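All residue numbers in this chain count up from 1 along the given sequence. Computed over heavy atoms, backbone and side chain alike; hydrogens, waters and symmetry mates excluded. Just so you know, these numbers come straight off a predicted model, no measurement behind them.
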Amino acid sequence: MPEKVPQKKDAPLRSDAQRNRERILEVALMELTRAADAPLSAIAKKAGVGQGTFYRHFPSREALVMEIYRHEMQQVAETAAPLLESREPDQALREWLDRCARFAMTKAGLADALRQATSACGTKPAHTPLTEAAELLLRANEKAGTIRPGITADDLFLTIGGLWTIDPHTDWQPRATRLLDLVMDALRVGAPGR
């Protein structure tokens, strides 16, 4: 009888396993956005996979939520460079902030699930892709003289943190626009090109 070779942790998944994983993530994003406490069994059922398959990919609710968060943040982060290629730096930053706001409002349930997951496991999600995207945009604006020098991604995220307090079930767009206009105005004060 041939010996079973264990799959390496970083080895690529078989195509059917990859499809199952992607389907689980897609369904989980919808369900957790709707309700932070959506049962994992319901997510597995809607994804068309058994409990064993589900838990092979995501051994806990926290692992599932953190992977969704990582994937969604990567999607937002990846828009920064193309925006800089097609717009002036300050316009690229402003449009990217609008995308962050849309994410915050349309994925509000996911934010609740993330808060539950991180409090349960005692960790905070890393903002690495978003931090890198924000730094890219900030440095381009600093070089262009459109914002004051020395603003960090952490400064920016603290400043826009108010987005996550807006009720997504209201007409949030005008309020988010006003908030982000204020942020952009504040970033411009003291800019060398002003």
Side-chain angles (χ1 to χ4, degrees), residues 1-82 96 98-136 153-154 156-158 160-170 172 176:
M1 185 167 181
E3 187 176 308
K4 212 174 182 183
V5 178
Q7 187 176 3
K8 291 181 182 174
K9 194 87 166 147
D10 294 335
L13 295 173
R14 293 183 334 255
S15 61
D16 62 329
Q18 184 62 36
R19 280 191 303 275
N20 286 339
R21 185 176 195 285
E22 289 169 4
R23 205 166 44 250
I24 292 166
L25 287 170
E26 182 181 316
V27 169
L29 175 60
M30 288 186 308
E31 295 302 310
L32 292 171
T33 297
R34 261 191 287 246
D37 58 352
L40 298 183
S41 58
I43 293 171
K45 185 176 181 179
K46 285 184 180 181
V49 299
Q51 296 284 335
T53 298
F54 182 91
Y55 284 107
R56 252 191 315 282
H57 289 286
F58 303 102
S60 67
R61 173 179 292 276
E62 293 77 22
L64 174 64
V65 170
M66 296 304 278
E67 179 57 20
I68 292 169
Y69 174 80
R70 186 204 62 74
H71 180 264
E72 292 296 302
M73 291 295 98
Q74 186 67 40
Q75 302 290 71
V76 173
E78 287 174 356
T79 64
W96 189 75
D98 285 336
R99 290 175 187 209
C100 288
R102 262 194 315 281
F103 173 80
M105 295 301 104
T106 60
K107 307 292 194 247
L110 180 58
D112 291 339
L114 182 64
R115 277 190 288 278
Q116 290 175 9
T118 55
S119 66
C121 65
T123 60
K124 287 179 74 175
H127 291 286
T128 304
L130 273 189
T131 301
E132 290 170 4
E135 286 292 342
L136 176 71
D154 283 343
L156 181 64
F157 293 132
L158 283 171
I160 66 170
L163 287 172
W164 280 263
T165 64
I166 298 172
D167 183 352
H169 306 298
T170 64
W172 59 266

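In this structure a side-chain-to-backbone donor-acceptor pair under 3.5 Å is present from Trp96 to Val76.
One finds the NE2 atom of His71 at 11.0 Å from the CE atom of Met73 (value rounded to the nearest 0.5 Å). A distance of 5.0 Å separates CD1 of Ile160 from SG of Cys100, quoted to the nearest 0.5 Å. Of the inter-residue distances, the one linking Asp16 atom CG with Thr53 atom OG1 reads 9.0 Å to the nearest 0.5 angstrom. For the atom pair CD (Gln18) and NE2 (His57), the distance works out to 8.0 Å, reported to the nearest 0.5 Å.
Between Leu29 and Glu72, some side-chain heavy-atom pair lies under the 4.5 Å cut-off.
Salt bridge Arg70/Glu67: present, at least one basic N to carboxylate O contact under 4.0 Å. Under 4.0 Å is where a charged nitrogen must lie from a carboxylate oxygen, and between Glu26 and Arg23 no such pair does.
Between Phe157 and Leu130, the shortest heavy-atom contact is CZ-O, 3.6 Å. A pairwise comparison of heavy atoms in Val27 and Ile43 identifies CG1-O, 3.7 Å as the closest pair. Across all non-hydrogen atoms, the minimal contact from Ile166 to Trp172 is CG2-CB, 3.6 Å. The nearest pair of heavy atoms linking Ala38 to Glu31 is CB-O, 3.9 Å. The minimum heavy-atom distance linking Arg61 with Ala36 is given by the pair NH1-O, 3.3 Å. Across Ser60 and Leu40, no two heavy atoms sit closer than the pair C-CD1, 4.5 Å.
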